[in-house]
Undergrad: 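Below you'll find the structure I mean.
Each ligand, and each atom within it, is numbered from 1 in the order the structure gives. All values below come from the heavy atoms of this structure, side chains included, with hydrogens, waters and symmetry mates left out. The model shown is predicted, which means the values in this text are computed figures rather than measured ones.
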Amino acid sequence: MSTTSAKLPKSAVVIGGGFIGISSAIHLCSRGFAVTVLEKARSGVGSKKDGECASYGNAGTFAPYATFGLNDDSPASLLTAGVKAFFGGSLMFGSTKSGDEDVANPLSFSLSASNASEVMKFAMHFLRNSSAENRVKTNEGLSELCKRASSSWKETLRLAGVNDARAFLEEHANRNGYLLLTKSRFDSKEVIEKNEERKRLLGDKNIWNHEGEGELIGPEMCKQLEPNLTDSAVANGGVYFKDAWSLRAPDVFLKKLAEFALKMKGPSGGSVVIKAGSSGEVVDVRGEQQNDEKAEIVTKSGDVYTNVHTIVVCSGWRSKEIAKMCGDGDIPLIAERGYSVEFSDTEQVSPSKLLTRATCFQRGGFIISPLQSRLRAAGLVEFGPDQPPTASNLLSLENSTRKLLRNFSDAPPRNKNSDWLGGRPTLPDYLPVLSRSSAKSNVIYAFGHQHIGFTLAGITGKIVADIATTTGAQQRGDDHFPLEPYAVQRFL
Ligand SMILES: Cc1cc2nc3c(=O)[nH]c(=O)nc-3n(C[C@H](O)[C@H](O)[C@H](O)COP(=O)(O)OP(=O)(O)OC[C@H]3O[C@@H](n4cnc5c(N)ncnc54)[C@H](O)[C@@H]3O)c2cc1C
């Protein structure tokens with residue numbers, strides 16, 4: 001018996017170089033895997049190309065307080081939303097209120113022959129997942145991940161070789177908190193109950209006392225925190241997460257993390273390499289000739305990866321196509337398209353100085369974040385076909401931002417070179433899939449992180465490595481919270 005082969009690193013192929021892919025690569029390498037990350041963008045990890053990499057131009061908020069899925073509204077308001085969507089084109093999510101003058105409605109549909117059945121299918125699953133019982137499942141499933149988001153991000157940075165995580169975050173993050181301007185008044189029953197529920201969901205891991213802790217504050221206090229908000233913007237007051245933080249530039253953070261990953265030296269020869277462009281684009285996943293239970297991968301350039309111990313599918317919303325190649329067809333994963341626009345500082349005006357912290361306008365469904373020498377507004381939800389950005393969404397994001405900030409009239413037009421569209425990978429119960437494929441024994445799925453994929457990347461990478469290093473019967477996280485709620489089987 002050869003002892004040499006036992007020491008050889010096991011191989012892993014990670015499909016997709018977004019936040020989930022890079023975190024998975026770091027955790028797998030730290031457990032002794034030789035990891036190859038395949039990323040189809042020619043410019044590599046964190047690419048700007050419209051619609052392809054959600055990790056590029058997002059709002060960058062670290063959001064462990066986001067314990068509710070979008071299915072957490074009452075069935076009546078969801079039904080109203082569905083009917084209006086088909087007959088009215090655009091509406092507010094979970095609210096019968098419409099026609100606000102300062103912000104445009106955050107939700108739009110753009111149905112075409114190519115995507116109508118996909119959207120219908122998503123909608124049917126979505127409605128089913130909006131029952132009281134299923135909403136509890138979503139909130140509890142999300143909060144199990146959110147509770148561990150902070151500690152596992154710290155662990156991810158440490159494993160990647162970032163020695164001083166605090167200094168690294170000082171460099172890359174705005175640590176000034178997060179202000180959520182609610183669509184109902186801060187002292188309304190709805191907002192108070194939601195905050196209490198969030199506290200209950202996050203409480204036992206003490207995260208409530210850190211990034212997850214939200215304080216209800218009135219309009220005056222909002223104004224004190226952010227004097228450049230208009231009266232209309234702060235009219236309802238909101239929730240202030242004083243210990244929250246957000247990235248200055250998600251793409252820069254991701255690229256930096258990938259650089260650290262490439263230098264890693266894991267146990268037993270663990271390592272990370274990244275292939276981009278045609279040699280990183282997966283075009284087929286098929287059964288290995290020797291063993292049909294296992295999968296092998298084919299790239300556009302013709303490379304074939306055989307005998308791979310673990311394949312991780314984390315290709316954002318395109319994971320649906322790859323899962324289908326693996327034999328798990330028809331998972332109702334959808335691209336929940338979101339947008340961002342930016343206003344750059346000039347010698348005369350500094351839009352980036354108008355806000356001191358990421359501020360969310362719940363009515364408008366977007367977040368304005370002060371970044372390095374620019375201000376970014378990111379959000380909206382569009383269910384649309386795989387096509388270029390919808391110009392009216394970019395314009396409405398620009399106009400809404402202008403209306404919510406005082407002293408903005410002198411600001412230059414938005415920097416159109418920075419206009420961006422990203423597809424959030426979303427499943428109708430707003431929980432990710434974190435499980436082995438039902439059809440190929442060496443494939444692990446890690447997709448569907450909807451609005452909080454940056455936040456949940458650390459814990460996801462850890463879970464992927466846990467699954468890869470245990471047998472199918474023992475798919476549990478190392479602190480033993482159940483992974484069943486995230487199994488792909490719930491859609492098959
Ligand atoms: C407007 C907006 C704002 C957001 N704000 C926040 C926020 O504030 N906080 C937060 O936590 N989250 C936020 N999100 C959500 C977050 O961006 C996503 O959940 C996260 O980026 C998903 O990461 P991912 O790695 O799963 O997918 P992606 O980042 O989409 O990465 C998938 C990668 O797979 C590659 N790929 C696809 N197909 C193939 C193939 N066949 N072969 C090889 N590679 C392939 C793609 O090119 C891409 O790079 C926001 C999203 C949007 C759109």
Side-chain angles (χ1 to χ4, degrees), residues 13-25 36-66 106 145-146 149 153 178 244-247 250-251 253-254 258 274-285 297-300 312-323 325 333 335-341 358 360 365-369 376-382 389 393 397 420-426 430 432-434 445-458 460-461:
V13 173
V14 171
I15 310 174
F19 274 119
I20 304 299
I22 297 303
S23 171
S24 299
T36 304
V37 177
L38 299 178
E39 167 51 58
K40 75 178 195 179
R42 248 183 300 149
S43 50
V45 165
S47 151
K48 178 173 187 294
K49 194 161 176 254
D50 273 328
E52 291 300 334
C53 178
S55 300
Y56 177 87
N58 58 59
T61 56
F62 179 69
Y65 39 76
L145 300 172
C146 285
W153 251 121
Y178 171 72
W245 51 273
S246 53
L247 292 175
D251 58 316
F253 182 85
L254 179 60
I274 298 177
K275 301 210 166 169
S278 63
S279 62
E281 179 167 353
V282 172
V283 291
D284 196 12
V285 180
I297 291 171
V298 185
T299 66
K300 195 171 183 182
V312 186
V313 178
C314 45
S315 326
W317 67 273
R318 292 206 181 268
S319 301
K320 179 181 175 152
E321 296 158 16
I322 312 249
M325 294 172 197
L333 179 71
E336 222 194 276
R337 287 156 51 107
Y339 289 82
S340 64
V341 298
C360 175
F366 67 97
I367 297 172
I368 309 185
S369 303
R376 171 182 290 170
L380 308 186
V381 168
E382 180 189 40
N393 279 333
L397 207 43
W420 176 75
L421 160 72
R424 302 177 190 91
T426 299
Y430 282 78
V433 167
L434 306 171
Y445 295 141
F447 54 77
H449 293 77
Q450 37 108 347
H451 294 233
I452 49 171
F454 157 57
T455 305
L456 298 184
T460 297

Undergrad: Below 4.0 angstrom from a heavy atom of Gly422, which ligand 1 atoms are there? Numbered from 1 as shown, please.
TA: 53 (C)
Undergrad: Heavy-atom contacts with Ile322 under 4.0 Å: which atoms of ligand 1 show up? List them by number with element.
TA: 41 (N)
Undergrad: Only heavy atoms of His451, strictly under 4.0 Å: list the atoms of ligand 1 that pass.
TA: 6 (C), 7 (C), 9 (N), 10 (C), 11 (O), 12 (N), 13 (C), 14 (N), 15 (C)
Undergrad: What do we get for Gln450 next to ligand 1 when only non-hydrogen atoms under 4.0 Å count, side chain, backbone, both or neither?
TA: backbone
Undergrad: By number and element, which atoms of ligand 1 are closer than 4.0 Å to a non-hydrogen atom of Glu52?
TA: 30 (O), 46 (C), 48 (C)
Undergrad: According to side chain to side chain donor-acceptor pair (under 3.5 Å), who are the partners of Glu281, at least two apart in sequence or on a separate chain?
TA: none
Undergrad: Test of understanding: given a 4.0 Å heavy-atom threshold, classify the contact between Glu321 and ligand 1 as side chain, backbone, both, or neither.
TA: neither
Undergrad: One residue to check: Lys40. Relative to ligand 1, which of side chain, backbone, both or neither has a non-hydrogen atom less than 4.0 Å away?
TA: both
Undergrad: Heavy-atom contacts under 4.0 Å between Leu456 and ligand 1: side chain, backbone, both, or neither?
TA: neither
Undergrad: Check Leu333 against Ser319 and note the closest heavy-atom contact, atom names and distance.
TA: CD2-CB, 4.0 Å
Undergrad: Heavy atoms only: which of Val282, Val283, Leu421, Thr61 lies closest to atom 42 (N) of ligand 1?
TA: Val282
Undergrad: Testing the basics here: between Ser47 and Ala41, what is the closest heavy-atom pair and its distance to 0.1 Å?
TA: CB-CB, 3.4 Å
Undergrad: Tell me if the aromatic rings of Phe253 and Trp153 count as close, with their centers under 6.0 Å from one another.
TA: yes
Undergrad: With heavy atoms of Gly60 as the reference, note each atom of ligand 1 found under 4.0 Å away.
TA: 7 (C), 8 (O)
Undergrad: With a cut-off of 4.0 Å, which atoms of ligand 1 are near a heavy atom of Tyr339?
TA: 1 (C)
Undergrad: Tell me which one of Ser55, Ala378, Gly453 gets a heavy atom nearest to atom 23 (O) of ligand 1.
TA: Ser55
Undergrad: Step through the shown structure and confirm whether more than 12 heavy atoms of other residues, nucleotides or ligands are within 6.0 Å of NZ on Lys300.
TA: no
